[in-house]
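We're numbering straight along the sequence, starting at 1.
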Amino acid sequence: MRYLIVCLIKGEALVFHEKLVEDVCSKFQVKRQRLPAHFTIKAPFETENIHEVEKLTEEFCKNTKAFEILVEDFGHFGNAVVYMDVKPSKNAVKVHDDYIDVLKNIAWLDWKQNEGKGRVFHCTVVSKLPSYKFQSIWQYVSRFQFHFSTYFNNISILLWEKNKWITYREFELKK
């Protein structure tokens with residue numbers, strides 16, 4: 001089975017993200033991603049035994065405090081991805097990095113070069129864009145201003161099922 005580990009973005013930031021994604025995909029006729037608003041912690045991986053990941057995540061979350069993140073401004077990766085910038089507090093980065101260290105104790109879990117610590121925290125609006133559509137989408141979204149103060153308050157395991165990602169388990173960090 002295919003899994004993905006994320007922090008689900010909630011509240012007003014989620015509502016704004018959902019409306020913006022729907023608007024951009026409809027207006028520019030681009031494909032909608034199959035994920036709710038989130039930032040990725042561990043890229044998709046395959047396993048038939050998710051229990052080790054669940055146990056470590058549950059234990060980590062029980063003993064770890066939630067910390068503030070800001071969702072504001074836009075960014076992009078080349079001309080293929082447009083995202084909402086997620087600006088974590090220093091404490092939120094530490095939580096992320098500590099959890100990565102915990103996950104790296106799982107011997108069978110593979111890590112690609114572009115994942116782990118030191119990555120850009122972001123919440124994708126659209127990806128896999130044809131290059132000729134990037135500039136018009138970028139100009140369009142750049143008109144929007146937003147500032148959401150929210151929290152890195154969950155670690156969620158998503159499962160690829162019926163051609164989309166669904167929440168398999170959500171673990172809340174301490175308040």
Side-chain angles (χ1 to χ4, degrees), residues 1-18 21-22 25 31-71 75 77 80-128 148 150-175:
M1 303 186 89
R2 191 165 181 77
Y3 297 93
L4 168 70
I5 303 175
V6 303
C7 172
L8 294 171
I9 305 289
K10 307 225 175 161
E12 293 177 350
L14 169 64
V15 172
F16 177 83
H17 177 268
E18 290 298 315
V21 168
E22 189 62 40
C25 291
K31 197 172 188 179
R32 183 184 172 90
Q33 65 174 350
R34 298 177 214 177
L35 286 155
H38 74 285
F39 65 83
T40 301
I41 299 171
K42 172 67 183 96
F45 60 94
E46 302 275 343
T47 185
E48 293 305 316
N49 186 359
I50 194 67
H51 301 300
E52 185 176 6
V53 175
E54 289 177 276
K55 183 178 175 188
L56 286 172
T57 303
E58 184 173 29
E59 194 61 34
F60 180 83
C61 290
K62 267 196 253 183
N63 298 307
T64 306
K65 188 175 179 217
F67 286 101
E68 186 177 37
I69 58 174
L70 298 177
V71 182
F77 297 124
V81 177
V82 174
Y83 61 83
M84 293 167 54
D85 199 10
V86 175
K87 298 173 182 175
S89 64
K90 287 181 182 178
N91 287 328
V93 171
K94 182 170 178 6
V95 168
H96 173 271
D97 291 353
D98 288 350
Y99 181 63
I100 295 295
D101 289 341
V102 167
L103 287 179
K104 290 211 173 187
N105 289 318
I106 300 174
W108 55 262
L109 196 56
D110 291 329
W111 295 85
K112 299 174 189 79
Q113 189 174 6
N114 66 340
E115 60 182 334
K117 297 179 185 179
R119 301 296 160 217
V120 175
F121 285 66
H122 67 282
C123 181
T124 301
V125 175
V126 288
S127 61
K128 300 178 184 171
F148 300 107
T150 187
Y151 288 87
F152 178 3
N153 61 3
N154 70 87
I155 296 176
S156 298
I157 302 171
L158 306 185
L159 169 65
W160 182 252
E161 188 172 273
K162 297 181 181 170
N163 232 14
K164 67 178 182 177
W165 291 101
I166 60 164
T167 302
Y168 172 74
R169 293 275 314 264
E170 181 176 341
F171 301 93
E172 289 190 19
L173 296 165
K174 292 190 321 186
K175 295 187 185 300

Applying ring-ring contact (aromatic ring centres under 6.0 Å, His included), name anything that partners [X], two or more places apart in sequence or on another chain.
X	answer
F171	none
W160	W165
Y151	none

Checklist outcome for this item: To the nearest 0.5 Å, atom CZ of F121 lies from atom CZ of F39 at 5.5 Å

Main-chain N/O of [Y] paired to [X] side chain as donor or acceptor, under 3.5 Å:
X	Y	answer
H38	P36	yes
S89	A92	yes
N154	L8	yes

Next on the checklist: Can you confirm whether the side chains of Y83 and S127 place a donor and an acceptor under 3.5 Å from each other?
Outcome noted: no

Checklist entry - Do the ring planes of Y3 and Y168 sit parallel (below 30°), tilted (30 to 60°) or perpendicular (above 60°)? => result perpendicular

Heavy-atom closest contact ([X] atom, [Y] atom, distance):
X	Y	result
H17	T124	NE2-O, 2.7 Å
V86	C123	CG2-N, 3.9 Å
K117	D101	NZ-OD1, 2.8 Å

Item to check | Qualifying residues under side-chain hydrogen bond (donor to acceptor under 3.5 Å, both in side chains), relative to T64, sequence neighbours excluded | outcome: none

Item to check | For E46, salt bridge (charged side-chain N to carboxylate O under 4.0 Å, His left out) partners two or more places apart | outcome: R2

Item to check | salt bridge (Lys or Arg N to Asp or Glu O under 4.0 Å): pairs with one or both residues in residues 153-171, sequence neighbours excluded | outcome: K10-E170, E54-R169

